[in-house]
Every structure is written in C-alpha cells, then in structure tokens.
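Remarks on the structure that follows.
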Amino acid sequence: WQDAEPLLGRAATLAALLGDRAAEAGIRAAQGQARLQAGDPAGAEARLAEARETYTRLGDRAGAARTLTALGVLWRARGDLAAAVTAAPVGAEHLVMTYSHALDLELCHRLLAHGFGRLGLIGSATKWARFRSRLAGLGHAREMIARIDCPIGDPALGKHPQAIAIGVAAAFLARAQVAAAKVGHG
C-alpha cells in the first residue's frame with residue numbers, strides 16, 4: 001500500500017486540478033478503504049472525511065451518504081463484519097478483501113441475500129471458481145453470483161496489493177467518468 005499511496009495521492013491532486021471533484025472524492029474514499037485494510041484506521045478516517053467534505057461541497061448527497069456509510073461501517077464493523085452487512089444500503093458498493101477466505105465467502109453470501117449496487121472480491125481464478133460453487137450451493141442464483149466482480153483491479157497491473165489498489169481506483173474513476181458523461185448528456 002505504501003507504494004500505491006503516492007500514486008493515488010497524485011491522481012487525487014490531478015483530478016482536483018482538472019476540476020473533477022467527484023473523481024477526487026472517489027479516490028480519497030478508495031484511499032480510506034485501502035488504509036483501513038492496511039491497519040491504519042486514523043488514516044482511513046482522515047481520507048474518508050476528506051471524501052465526505054468534497055461530496056458535500058459538490059452537493060452530491062448520494063456520494064456523501066456513501067462516504068458517511070463507509071466511515072460508519074469502519075467503526076461498526078470492528079466486531080462481526082458479516083453482521084454489519086444489514087446496515088449497508090441495498091445499492092451500496094462493496095469491496096470484499098479480508099484476511100480470511102471463510103469470512104470473504106460469508107460476506108459475499110450475506111451481500112447476495114441483502115442486495116448491493118456493486119460487489120468486488122479480491123482473489124484468484126481458483127478462489128473465484130470455489131466461491132461460485134459454494135455460493136450456488138448456498139442457494140444463490142448463478143445470475144446473481146455473476147454480478148460479483150472477481151478478481152478486482154486490473155490483472156494486467158499485477159497481483160501485488162498496490163497494483164490491485166491502483167486498478168480498483170482506475171475502475172472507480174472510469175465508472176465515475178461514465179456516470180458524469182451520462183449526467184452531462186441526460
């Protein structure tokens with residue numbers, strides 16, 4: 001993560017210089033989530049707070065709500081992560097990347113039952129094949145299981161955590177640009 005931090009910081013600064021405040025906020029939120037995964041809750045809170053402020057300045061209530069939810073889940077999720085799923089908005093975006101395959105599977109199972117806007121899962125092709133089979137065995141429809149993005153990131157960038165973080169941030173930016181283009185033309 002330490003290698004990716006300067007790159008994501010420069011990406012956020014570039015987005016700000018280009019006037020793309022939504023992209024800047026999205027990168028800050030991604031940095032916050034990555035810092036949480038790296039065991040830096042104070043850094044995560046600071047990045048998520050920056051994202052929340054930017055969304056608020058933009059008048060983007062949905063973006064602010066997503067960031068506030070992420071910040072809230074940061075603290076609620078200290079105990080039972082799987083139980084925290086019920087607190088998430090049904091349309092929320094989730095990245096599942098914990099220390100445990102069993103917990104990853106439980107989170108995916110609960111999110112499939114709860115509903116989600118997007119769901120990304122860190123993992124290899126082997127892990128994803130095993131998860132598809134197990135999730136189907138738990139009663140989930142193959143069409144719903146297929147909505148899970150696995151692996152997350154851009155495989156062309158590599159399998160290291162910093163490469164995955166950059167790939168996830170790039171995918172977020174791409175989705176943000178598509179959404180902004182739709183709003184601009186709609």
Considering non-hydrogen atoms only, spot the tightest contact between Pro155 and Pro151 and give its length.
CG-CG, 4.3 Å
Could you measure the distance from the CG atom of Leu157 to the CD1 atom of Ile166? Nearest 0.5 Å is fine.
7.0 Å
Quick note, salt bridge (charged side-chain N to carboxylate O under 4.0 Å, His left out) partners involving residues 155-165, not counting sequence neighbours, are none
Holding to side-chain contact (heavy atoms from CB on, under 4.5 Å), I want the full list of residues that pass it with Leu111, two or more places apart in sequence or in another chain.
Val85, His94, Val96, Phe116, Leu119
Shortest non-hydrogen contact between Cys150 and Ser124, atoms and distance
SG-O, 4.4 Å
Anything under 3.5 Å between a donor and an acceptor, one on a side chain of residues 128-137, the other on a protein residue two or more places apart or in another chain? List them.
residue, atom, partner, partner atom, Å
Arg130, NH2, His101, ND1, 3.4

Tell me the salt bridge (charged side-chain N to carboxylate O under 4.0 Å, His left out) pairs involving residues 146-155, sequence neighbours left out?
Arg118-Asp149
Is any side-chain heavy atom of Ile148 closer than 4.5 Å to one of Leu112?
yes
With sequence neighbours left out, which residue pairs that include part of residues 102-114 fulfil the side chain to side chain donor-acceptor pair (under 3.5 Å) condition?
Thr98-Asp104, Asp104-Lys127, Glu106-Arg110, His109-His140
